[in-house]
Participant: 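Take a look at the following structure, please.
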Number of protein chains: 2
Amino acid sequence: MSQFWSANQTQTNSEGSRAILVANSVEKKSDIEAAKLATTGGKIPVRPSATVLKICPHNSAVSCASCRLSELCLPIALNKSEIHQLDAIVERNRPFKKGEHLYRQSDEFKSVYAVRSGSFKSYFLSDSGQGRVTGFYMPGEIIGMDGIASHKYANSTAALEHSSICEIPFSQLEKLSQELPSLQHHFFAIMGNEIAKDQQIHTLLSSYTAEERTASFLLGLSSRYARVSLSPTRFLLSMTRGDIGEYLGLTVETVSRIFTSLQKKGLISVNNREIELLNIENLREIISGS
Amino acid sequence: MSQFWSANQTQTNSEGSRAILVANSVEKKSDIEAAKLATTGGKIPVRPSATVLKICPHNSAVSCASCRLSELCLPIALNKSEIHQLDAIVERNRPFKKGEHLYRQSDEFKSVYAVRSGSFKSYFLSDSGQGRVTGFYMPGEIIGMDGIASHKYANSTAALEHSSICEIPFSQLEKLSQELPSLQHHFFAIMGNEIAKDQQIHTLLSSYTAEERTASFLLGLSSRYARVSLSPTRFLLSMTRGDIGEYLGLTVETVSRIFTSLQKKGLISVNNREIELLNIENLREIISGS
DNA sequence: CGTAGTGTTGAATTGAATCAAGTGTCGTGG
DNA sequence: CCACGACACTTGATTCAATTCAACACTACG
């Protein structure tokens, strides 16, 4: 039994416990089994659940207060009563199937979304029809801020695997931010972070080689997996090589070639969507040695 | 007498009036002459000035209420009394000389800045010493939002020409946003706009050719000049070819070559830093034909 | 079980980088 | 005010990293 983690999985800390195996396979497990897996050894205490349903990572009945992502997502820095107020405006939609769209380019902007489980990609379609991936989103991350200024989403966003999200109507978020200074502060920070991140990618795209971009991408994923308590060294890619290429400004073929070349160098191990980072130090050196 | 406009210049609408000639030359004109130029035919009414000094584009005595950029910059959508409150927290610093730094990478984040005149570039220095330009900023635009999340600026920012700015201490901006819903709303919009803009550049860098990037850059400058009532077809570049290259992910040589090639095609006319867009339609076609 | 989508690998091509040599421009100090 | 030096820009020849084209293998799913 292999051990590659996707953002759909609940990784545990105790050695004895195990986790769900393959991306998108969650639904194939029985609720009972999923419950057993998820309740053993989780870092963040989960409210004793009335029904097993509560445990499924796509379950829409979790409140912000009980969500295991609460310390990464919007509720950070809010106190209990404030979280309760936030909770009231969050809409927990039905899960999204792989390929389903959260919204499409130039749809009217209404909400931002927090990823609860799974993952999403945003992409921009140019007039000439070809698309470019502008971002990947993992649990705890916020989607849709590109629509705030123009009241229309600038990108389309689709689920990469079976995923679930929390919808936060923006006008209500604004209203609440007016009442809760720490929410306003935190949302400014979230947007500032998005800006800083986008500028890093600007640097990456304008000066890094294909190998540097790819190494940087893998390390980025790694630390984002770590953030949600999944293994930073072994994980499943939810996106295709094509998606990665469109994101990094490379072709599918180049991405594939770089993966095999990094493997030959002993830095990573690739098997389809399964990635293992064997030597994070040397991966870092690839980037700084530019 | 040529007619190329820089962000330092005050362009007027009436045909009879003239404007200051060359970038960075403002200080060489007498205050009297500058005053005469600036007061004739300006679109936005300027308060009758007690001293001629008021007219200089770098003059720090202008209030938000009287600033000709007020409808582009932060005060947008604020009413008179609100603008007054904003005014109270804005610090109008001494002008910056060409090359002077507003802040440096990893300085403690304290303020965001609104460009009042001139222009700035932000750039990121990697460990390996080489820098990459992450953005250019023109009058009415906001600088420094990359520092909000981490409390440290992620970039360095320097003046490209003699320039002046309004400093807005961020903690005070937050406090005021708490009181003025429309300020909060507008600042969310400004940040959202920065995010959308950065994602556009992501697309540009990951799929456009050198020619497409350059055309897109020129058209972008053009519409930003138009925003501040300067000619969208004739302007002076305040940045070097090297800066442009670092921004677009190209080398100096390539930028230079593309400029001459676009000139040969009759789309633009280049003379040093003087740019004229001769055929905006065809420039647009270069981009969409990707 | 077949088909569409995804991934790999190789060979040829090419757009932009690099290397190199020059001219042009600006600001400074004599 | 001019001469100098540093920087900015241009142009050409060569190289190279990544794309393109092409053929094939794998996988996953109805």
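To find a chain, count down the sequence lines: A is the first, B the second, and so on, and within it residues start at 1. For clarity, every value in this text was computed on a predicted model and none was experimentally measured.
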Participant: Rounded to whole Å, please give me the gap between CG in B/Leu237 and P in D/dC7.
Facilitator: 21 Å
Participant: Specify the separation, in whole Å, of atom OH of A/Tyr208 and atom C1' of D/dA18.
Facilitator: 19 Å
Participant: Determine: side-chain N/O of B/Asn272 to OP1/OP2 of C/dG24, distance under 4.0 Å, yes or no.
Facilitator: no
Participant: Take atom CG of B/Leu236 and atom P of C/dT25, then tell me their distance rounded to the nearest Å.
Facilitator: 14 Å
Participant: If the threshold is 4.0 Å, N to carboxylate O, is there a salt bridge linking B/Glu246 and B/Arg132?
Facilitator: no
Participant: Contact list please: residues 244-255 of chain B against DNA chain D, heavy atoms, distance less than 4.0 Å, in numerical order.
Facilitator: B/Glu253
Participant: Using a cut-off of less than 4.0 Å, is there contact between a side-chain N or O of B/Ser256 and OP1 or OP2 of D/dT11?
Facilitator: no
Participant: So if I take the C1' atoms of five pairs at each end of the helix from C/dC1-D/dG30 to C/dG30-D/dC1 and get each local axis, what angle do the two axes make, rounded to 10 degrees?
Facilitator: 50°
Participant: Please report the distance, rounded to the nearest Å, between CZ in B/Arg213 and C1' in C/dA17.
Facilitator: 12 Å
Participant: Tell me the interatomic distance from A/Lys97, atom NZ, to D/dA28, atom P, rounded to whole angstroms.
Facilitator: 20 Å
Participant: In whole angstrom, give the distance that lies between atom CD of A/Glu274 and atom P of D/dT27.
Facilitator: 11 Å
Participant: Taking all non-hydrogen atoms of both residues into account, name the closest pair between A/Glu100 and A/Pro95 and its distance.
Facilitator: OE1-O, 4.1 Å
Participant: Specify the residue among B/Lys264 and B/Met239 whose closest nucleotide of DNA chain D lies further upstream toward the 5′ end.
Facilitator: B/Met239
Participant: Under 6.0 Å from the ring centre and within 45 degrees of the ring axis: does the NZ or CZ of B/Arg94 meet both conditions for the six-membered ring of B/Phe96?
Facilitator: yes
Participant: How many angstroms lie between CG in A/Leu262 and CG in A/Leu283, if you round to the nearest 0.5 Å?
Facilitator: 6.5 Å
Participant: Would you mind telling me which of B/Tyr103, B/Tyr137, B/Tyr113, B/Tyr123 makes a side-chain hydrogen bond (donor to acceptor under 3.5 Å, both in side chains) with B/Thr157?
Facilitator: B/Tyr103
Participant: To the nearest Å, give me how far apart CG (A/Leu262) and P (C/dG7) are.
Facilitator: 16 Å
Participant: Do B/Phe136 and B/Ser119 make a side-chain contact, defined as non-hydrogen atoms from C-beta onward lying under 4.5 Å apart?
Facilitator: no
Participant: Would you check if A/Leu236 and A/Glu274 make a side-chain contact, meaning some heavy-atom pair closer than 4.5 Å?
Facilitator: yes
Participant: Using a strict cut-off of less than 4.0 Å between a Lys/Arg side-chain nitrogen and an Asp/Glu carboxylate oxygen, indicate whether B/Arg273 and B/Glu161 qualify as a salt bridge.
Facilitator: no
Participant: Measuring from atom OG of B/Ser223 to atom CG of B/Leu219, what distance do you get when rounded to the nearest 0.5 angstrom?
Facilitator: 7.5 Å
Participant: Any donor-acceptor pair under 3.5 Å joining the side chain of A/Arg257 to the base of D/dT20?
Facilitator: yes
Participant: When the distance from CZ of A/Phe259 to C1' of C/dG7 is rounded to whole Å, what number comes out?
Facilitator: 11 Å
